[in-house]
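Report on one structure; see the data block that follows.
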Protein chains: 4
Amino acid sequence: MAAGQPPNKRDVILHSAMQVFSRKGFHDSTMEDVAQEAGVGKGTVYLYFPSKQALIEEIFRYSINLYVDAVDKMSQDHTCLRTQLEAILVHVLAMAERNQQASGLFLEGATGMSEEFKGWVIDSKSILLDRYADLLAQATQRGQIRLVDVRMWAHLIAGGVDSLVTTVLWGKAAPDHHRLAQQVVDAWWSGLMSRELNA
Amino acid sequence: MAAGQPPNKRDVILHSAMQVFSRKGFHDSTMEDVAQEAGVGKGTVYLYFPSKQALIEEIFRYSINLYVDAVDKMSQDHTCLRTQLEAILVHVLAMAERNQQASGLFLEGATGMSEEFKGWVIDSKSILLDRYADLLAQATQRGQIRLVDVRMWAHLIAGGVDSLVTTVLWGKAAPDHHRLAQQVVDAWWSGLMSRELNA
Amino acid sequence: MAAGQPPNKRDVILHSAMQVFSRKGFHDSTMEDVAQEAGVGKGTVYLYFPSKQALIEEIFRYSINLYVDAVDKMSQDHTCLRTQLEAILVHVLAMAERNQQASGLFLEGATGMSEEFKGWVIDSKSILLDRYADLLAQATQRGQIRLVDVRMWAHLIAGGVDSLVTTVLWGKAAPDHHRLAQQVVDAWWSGLMSRELNA
Amino acid sequence: MAAGQPPNKRDVILHSAMQVFSRKGFHDSTMEDVAQEAGVGKGTVYLYFPSKQALIEEIFRYSINLYVDAVDKMSQDHTCLRTQLEAILVHVLAMAERNQQASGLFLEGATGMSEEFKGWVIDSKSILLDRYADLLAQATQRGQIRLVDVRMWAHLIAGGVDSLVTTVLWGKAAPDHHRLAQQVVDAWWSGLMSRELNA
DNA sequence: GATGAATGAGCTTTCATTCAT
DNA sequence: TATGAATGAAAGCTCATTCAT
């Protein structure tokens with residue numbers, strides 16, 4: 001009665017859809033499943049989302065934003081690339097554990113998706129790669145790392161994060177995210193650090 | 001009768017399925033599509049594969065094997081980890097370009113897949129991670145790299161490879177695979193190399 | 001407050017329904033459409049009409065009455081069959097042009113209607129045929145026309161009127177209704193007129 | 001085994017659809033109904049007709065052709081307009097009795113049909129009006145009738161035929177089609193015949 | 001072996017109707 | 001009175017799978 005947001009029905013449905021899609025897969029989930037999970041009638045889902053396709057797209061949008069926002073926030077909270085990367089990793093791993101659905105749907109990729117759908121995922125991933133590249137470019141300007149191919153390194157970082165998060169999602173990851181993050185960034189660091197600092 | 005492999009009908013269907021699934025997505029492809037692509041009747045597909053599910057599983061099996069075999073072959077052909085990794089990268093990138101379907105289906109992951117299906121993909125990826133871990137362990141024993149967390153490094157390498165290959169599949173990669181491979185391995189190397197060699 | 005009829009809400013809804021049904025077809029119109037056209041809430045429609053079916057039936061009732069009333073009025077206003085028919089035609093054509101919805105819904109018939117529905121239309125058309133037959137019988141008694149099969153002639157007249165009105169509804173009719181009516185009645189007249197007058 | 005055409009499955013479905021649509025109305029009939037009536041599975045209907053809409057359109061096409069063909073044949077079989085009209089009437093009435101579905105669906109019109117659908121019906125009716133107008137024009141050239149507005153007369157004839165046939169379809173018509181036809185044509189004739197012949 | 005016509009379970013989506021406010 | 005969010009029955013349509021030929 002007193003506290004918390006009123007349980008917005010649209011959000012309830014959105015999260016239920018994430019749960020269901022993540023559990024049974026998009027195509028093997030029915031709108032009936034989603035409605036049941038949300039505790040509403042089938043027609044109600046259509047009151048908030050015009051189609052099943054719109055529902056999955058909204059989920060993708062939501063997921064990518066969650067990820068990008070995390071990267072942005074961690075970037076602003078710190079000024080040292082090393083700390084930034086560590087913070088991002090810790091945050092993303094935590095997010096993955098808390099919010100398996102969203103992360104999973106976004107990170108797992110797009111097997112069996114139609115071209116149109118795939119385009120969506122590609123665009124989303126591009127945004128992230130850009131963010132990582134920006135981060136690296138800024139660190140270069142600050143002299144924190146040497147001159148590297150930022151696009152390539154963005155790939156290595158994004159790929160590594162993906163791989164680690166996937167492991168978390170699949171419940172096989174080490175529980176100590178801080179230590180894991182440190183190790184990973186350490187591994188990247190040798191390749192990134194400026195020669196002078198290296199010396 | 002005389003030359004080449006006899007055009008095994010099962011393989012024709014398998015490759016046609018890859019083409020179709022890769023183009024339209026698994027769920028949006030029909031068995032009719034597959035049959036047409038293979039130039040056979042719909043019933044014939046069922047003569048060689050008991051179900052659509054069996055077909056996609058066979059494709060996954062095939063794809064992962066293609067990948068693992070490549071890793072194995074490159075591992076045996078070379079004795080230096082650096083060279084091994086470079087060779088693997090070059091080979092896998094080439095494979096991705098040649099055989100977009102198989103690689104794509106395997107690498108792109110599993111969004112919207114059902115749990116059962118996902119298990120398949122996880123197992124497949126585990127096999128690869130094991131291979132990379134083995135490679136690193138052997139290199140450690142040979143003193144080529146220092147003592148690192150091989151599981152973590154396996155993740156970084158596998159993830160990086162995935163990310164790069166995905167780019168190739170999406171037609172955005174640099175055309176010079178050799179140079180790209182060298183750069184990538186270089187990046188990894190600083191983190192991997194034994195202190196002594198580093199000095 | 002002072003002048004005109006009070007804008008009876010039931011009538012507003014009825015006319016809105018006519019508009020909508022006539023524009024989009026009965027089955028392709030939703031109760032939501034009707035409510036929106038009437039500027040009321042969906043629930044309000046149900047306050048005045050128990051169901052969609054009841055709504056269309058009321059429209060039919062209204063439409064047939066409009067038609068029959070016209071025939072009755074023109075019959076009373078004139079005493080010569082020729083003038084009566086001409087007046088009816090002119091009136092009905094004008095009505096069709098003014099009130100496309102009602103006329104259209106009634107005259108266009110009943111393709112794809114269910115038996116139950118069809119019964120309604122049949123009954124309605126019967127009423128009209130009776131009116132025409134009465135008109136002819138009276139003219140016979142007055143000696144204005146010779147002894148003819150009034151039922152058959154009622155069909156010919158009703159059918160002809162239908163066909164002409166349909167053309168008006170479809171926007172292909174001549175604009176001069178008076179001339180058209182005269183021509184049509186002329187055409188009928190030769191067959192109807194009493195031999196004596198003919199001579 | 002020996003005689004008759006092989007029972008073409010497409011035709012079986014088409015006729016079943018006519019039966020069902022005519023009985024329950026287009027919108028109140030389901031594809032399941034049609035399939036059941038035809039004694040086939042639901043999917044089989046879609047093997048021969050791509051959609052419910054396509055099915056009704058095919059029925060319309062079929063019906064209008066049945067009607068137009070009858071008019072054409074009777075026109076060619078006779079050279080005197082009077083005989084032509086009588087033959088057409090007799091033929092069409094018989095057709096209506098034999099093949100209630102097709103005739104009914106075509107003749108009853110288009111209440112509650114969507115605009116698009118209505119266009120179809122209008123076009124179909126136009127074809128018929130043209131045929132009647134041609135018939136009248138030819139008779140005028142042959143001097144069999146005087147100079148009349150052939151479009152208007154086409155309307156009167158078409159409308160009258162419609163009205164009569166509708167009565168037959170609704171089971172209220174006189175059983176003696178020949179006599180009925182003669183009476184009707186008689187009625188028209190006075191208005192049509194050339195003055196000279198009239199004298 | 002090879003085929004493709006036939007099937008029906010099961011999907012997404014619509015919408016007349018209800019009812020708490 | 002008036003409303004519109006909520007509902008679920010029911011529709012059109014798809015397609016993996018079967019089987020007579």
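Below, read A as the first sequence line, B as the second, and so on, with proteins coming before strands; counting in each chain starts at 1. All figures in this text were calculated on a predicted structure; none of them were measured in a lab.
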B:K52 side chain to B:F26 backbone, donor-acceptor under 3.5 Å = yes

Base-pair map of DNA chain E as dot-bracket, where | denotes pairing with a different strand and pairs are Watson-Crick or G-U under 3.5 Å | .||||||||||||||||||||

Please tabulate, for the side chains in residues 41-51 of chain C, all donor-acceptor contacts under 3.5 angstrom to protein atoms that are two or more places apart in sequence or on a different chain.
unit_1 : atom_1 : unit_2 : atom_2 : d
C:K42  : NZ     : C:E32  : OE1    : 3.4
C:S51  : OG     : C:Q53  : N      : 3.4
C:S51  : OG     : C:A54  : N      : 3.1

Nearest-angstrom distance from the residue atom [atom1] of [X] to [atom2] of [N]:
X     : N      : atom1 : atom2 : answer
B:K9  : E:dG1  : NZ    : C1'   : 8 Å
A:D28 : F:dA16 : CG    : P     : 12 Å
B:H27 : E:dG10 : NE2   : C1'   : 13 Å
B:N8  : E:dG1  : CG    : P     : 12 Å

Check whether any side-chain N or O of A:Y48 sits under 4.0 Å from OP1 or OP2 of F:dA5, and answer yes or no.
-> no

Of C:M31 and A:S29, whose nearest nucleotide on DNA chain E comes first from the 5' end?
-> A:S29

Return the 5'-most residue of the pair C:S51, A:K52 with respect to DNA chain E, ranking by each residue's nearest nucleotide.
-> A:K52

Positions of residues 32-45 of chain A (non-hydrogen atom under 4.0 Å from DNA chain E), listed by number = A:K42

Pair D:E37 + D:R23, salt bridge at N-O below 4.0 Å = yes

At under 4.0 Å between heavy atoms, what does D:F49 touch on the DNA or RNA strands: base, sugar-phosphate, or nothing?
-> nothing

Tell me which nucleotide among E:dG1, E:dA5, E:dT13 gets nearest to the side chain of B:L47.
-> E:dG1

Under 6.0 Å between the ring centres of C:H27 and C:F21?
-> no

